[in-house]
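Notes to accompany the following structure.
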There are 2 protein chains.
Amino acid sequence: MVTIKDVARAAGVAPSTVSYVLSGSRKISAETGDAVRAAIAELGYHPNAGARSLRSTRTNVIALSLPLPARGYLPVGGRFMYGISEAARAFGHDLLLITAGDGGSGLERVARSRLADSAVLMGVEMEDPRIDAMHGLGLPVALLGRPADEAAAPWADLDWAAAAALAVRTLHGAGHRRIHYLATVEADIRTRRSYSVRGIDGARRAAAGLGTGVPVHPSSTDPAELARRIDALFDAPEPPTGLAVQHPAAIPGILRHLSGRGVEVPRDVSLIAIGNFPEDLGGLDTTRIELPVTEMSAAVTRLAVAASRPDRDAPDQGAGVLIPPRLTSGGTLAPPA
Amino acid sequence: MVTIKDVARAAGVAPSTVSYVLSGSRKISAETGDAVRAAIAELGYHPNAGARSLRSTRTNVIALSLPLPARGYLPVGGRFMYGISEAARAFGHDLLLITAGDGGSGLERVARSRLADSAVLMGVEMEDPRIDAMHGLGLPVALLGRPADEAAAPWADLDWAAAAALAVRTLHGAGHRRIHYLATVEADIRTRRSYSVRGIDGARRAAAGLGTGVPVHPSSTDPAELARRIDALFDAPEPPTGLAVQHPAAIPGILRHLSGRGVEVPRDVSLIAIGNFPEDLGGLDTTRIELPVTEMSAAVTRLAVAASRPDRDAPDQGAGVLIPPRLTSGGTLAPPA
DNA sequence: CTGAAAGCGCTTACAG
DNA sequence: CTGAAAGCGCTTACAG
């Protein structure tokens, strides 16, 4: 191992001087600084992370707490892990993955053993017990998802209400007057998941603002059950001509089933999807509002880093970052026949 | 912060005794041990990770090196991250996520700053430059994927050759004599990715063993292009009656296109899929050989932990773990008409 | 502008 | 069976 002593000897200075060159917290003469930097480069020196964190009580590590196991593995999880890891690096931090396999005690262990400076909580519910628990242990957190109590901790999320509203208004603007909202799967509605509740609410408000209404239906993970619901919609006397769908993974099944009924998209019905698109749906040219994974990752990581700084005028405490929805054009939107 | 001194004071012993109780490396009387454990529990003591790793040169952290960015984000990545994180916890380790965003230098930084005891390399190629680089830096690695040089480092992988062979033999055993192999996407074949090459090879050898042959076709991420290839197959004078597909994400598109041509599965053609199933294909009842993500994660994590132990009779060096394929029954296999 | 020294919280030979 | 002491590699007041 190359240590700070080796660098100091090579540069002909004291170890403390090397440390000051590294931290930049002291004025250093140009020649001393150059000699130190040259020695660091030549020896391939990197500060020992353990020693540094022991002495400075900063680890430059962010803990990423994965959703509770009850929620199951989420397809979108991998992209957030990747995005947050990249963002953490950009802030000079590393990312430690914490699964809730041991009942949430993973985060407590991280806090007590000082493995991280802050934590990002994924899959945040309207009420999330992890927030208070970590406050009690002195581990600052940032939330991926918008909780009921927006002041409990800094958070970042897509503005789901605005996204649903944008979908409804876009369909309305194209001339549609029979617009339906196919919401998230019913389990998410029943447990009042943040993005589910806010999406439905946004759609209804947008419709009300347009002087109309929008019937809301839950989606389903079971393709057969989803097909029955689609049938019920299109067997009605006045079938929808515009459909906003907050369940992108269901889009292939919906398209296939409609096509089987002789309903063509967008000739007979227009479609706007909202949310996370599985990677293997790349071939589908759907008009959509995509989950801005990279942007959300960058935002929540920035909040986590800010929360772990002692002072910095502490402007971000409890701040929320609401990311506006963006519509991507596709081949599933057209005026009604 | 609760330190070892606080525990020692509460238990009425020396700090070193607390340490010995924790490590178990010294005989301790029952009453002393109980007193120390009671104090630890009461105070909620966890050893400071930085201090521990500084002193013991062990971090109990495994670095997970994500695939090179050239490979793009892989849908299967999230499940491996989750699986390896869970496995690491079971071995008393944490998992640090390293993206190759900065050109592989992330791993070097981890090695030089002693942030981890070992690394798991994901998305290993037949030749992977990371292996030699980490050997040079003294960071032991374990590979998720089977490299060309199997002795270069311990590795774990599904036996892709056996999986392809099992698919071909199963179709043959059901009576099929016109079996085709739809391999991975051509980019993977062209770059000679391990699982791609081994799958094709396994299918060909199995067919040869049965005294027959198996035409091999590359798959495509472009649904339209894939449809053209399917058409070419089924427009031929002797269309396949059995299809082994090493590209599960393409299955919905294949089924839809075949159905559009009036080809029914399994009436007219049987299908066996091999590989990772996107989470949202749950509704499809496909006969298949699934990527054993949990098993592979546990195996590679065990290898990484073993590689970081100084001695332990060093039995695992360069050992490979080849996981046998398992066939899952589904509704896409039947005897030929 | 730079250095000598103390100390972060542990582990582990050394000693009894 | 247990304790006192050294030291891992840093950072940062203290001193000049």
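Computation of the quantities below employed the complete heavy-atom set of this structure, encompassing side-chain atoms and omitting hydrogens, waters and symmetry-equivalent molecules. Each chain gets a letter, A, B and so on, in the order its sequence line appears, and its residues count up from 1.
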Next on the checklist: Please give me every residue in residues 37-46 of chain A whose heavy atoms get under 4.0 Å of an atom in DNA chain C, ordered by residue number.
Outcome noted: none

Checklist entry - Among residues 11-32 of chain A, which contact DNA chain C at a heavy-atom distance under 4.0 Å? => result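 Hits under 4.0 Å, by residue number: A/Val13, A/Ala14, A/Ser16, A/Thr17, A/Arg26, A/Lys27, A/Ile28, A/Ser29, A/Thr32.
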
Item to check | C/dT11 phosphate, OP1 or OP2, under 4.0 Å from B/Arg52 side-chain N/O | outcome: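 For B/Arg52, the contact criterion (side-chain N or O under 4.0 Å from OP1 or OP2 of C/dT11) is met.
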
Does a side-chain heavy-atom distance below 4.5 Å link [X] with [Y]?
X: B/Leu322; Y: B/Trp155; result: yes
X: B/Ile84; Y: B/Leu144; result: yes
X: A/Pro292; Y: A/Leu158; result: yes
X: A/Leu121; Y: A/Leu107; result: yes
X: B/Leu97; Y: B/Met81; result: yes
X: B/Leu291; Y: B/Arg79; result: no

Checklist entry - Under 3.5 Å, is there a donor-acceptor pair between the side chain of B/Ser85 and the main chain of B/Tyr82? => result no

Item to check | Under 3.5 Å: donor-acceptor pair, side chain of B/Asp117, backbone of B/Thr59 | outcome: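 Yes; at least one donor-acceptor contact below 3.5 Å.
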
Nearest-Å distance, [atom1] ([X]) to [atom2] ([N])?
X: B/Arg58; N: D/dC8; atom1: CZ; atom2: C1'; result: 16 Å
X: B/Asn48; N: D/dC8; atom1: CG; atom2: P; result: 18 Å
X: A/Arg9; N: D/dG9; atom1: CZ; atom2: P; result: 12 Å
X: B/Arg55; N: D/dC10; atom1: CZ; atom2: C1'; result: 15 Å
X: B/Ile4; N: D/dG3; atom1: CD1; atom2: P; result: 12 Å
X: B/Met1; N: C/dC10; atom1: CE; atom2: C1'; result: 12 Å
X: A/Asp34; N: C/dC1; atom1: CG; atom2: P; result: 13 Å
X: B/Lys5; N: C/dG9; atom1: NZ; atom2: P; result: 8 Å

Item to check | Pairing residues for B/Asp159 by the salt bridge (charged side-chain N to carboxylate O under 4.0 Å, His left out) criterion, not counting sequence neighbours | outcome: none

Item to check | Set of salt bridge (charged side-chain N to carboxylate O under 4.0 Å, His left out) partners for B/Arg9, sequence neighbours left out | outcome: B/Asp6

Next on the checklist: Using a 3.5 Å limit for the pairing distances, which stems of at least 3 consecutive Watson-Crick or G-U wobble pairs does DNA chain D take part in?
Outcome noted: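 Listed by first number, the stems are C:1-3 with D:14-16, C:5-12 with D:5-12, C:14-16 with D:1-3.
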
Checklist outcome for this item: salt bridge (Lys or Arg N to Asp or Glu O under 4.0 Å) pairs touching residues 35-56 of chain B, sequence neighbours excluded, are B/Asp34-B/Arg37

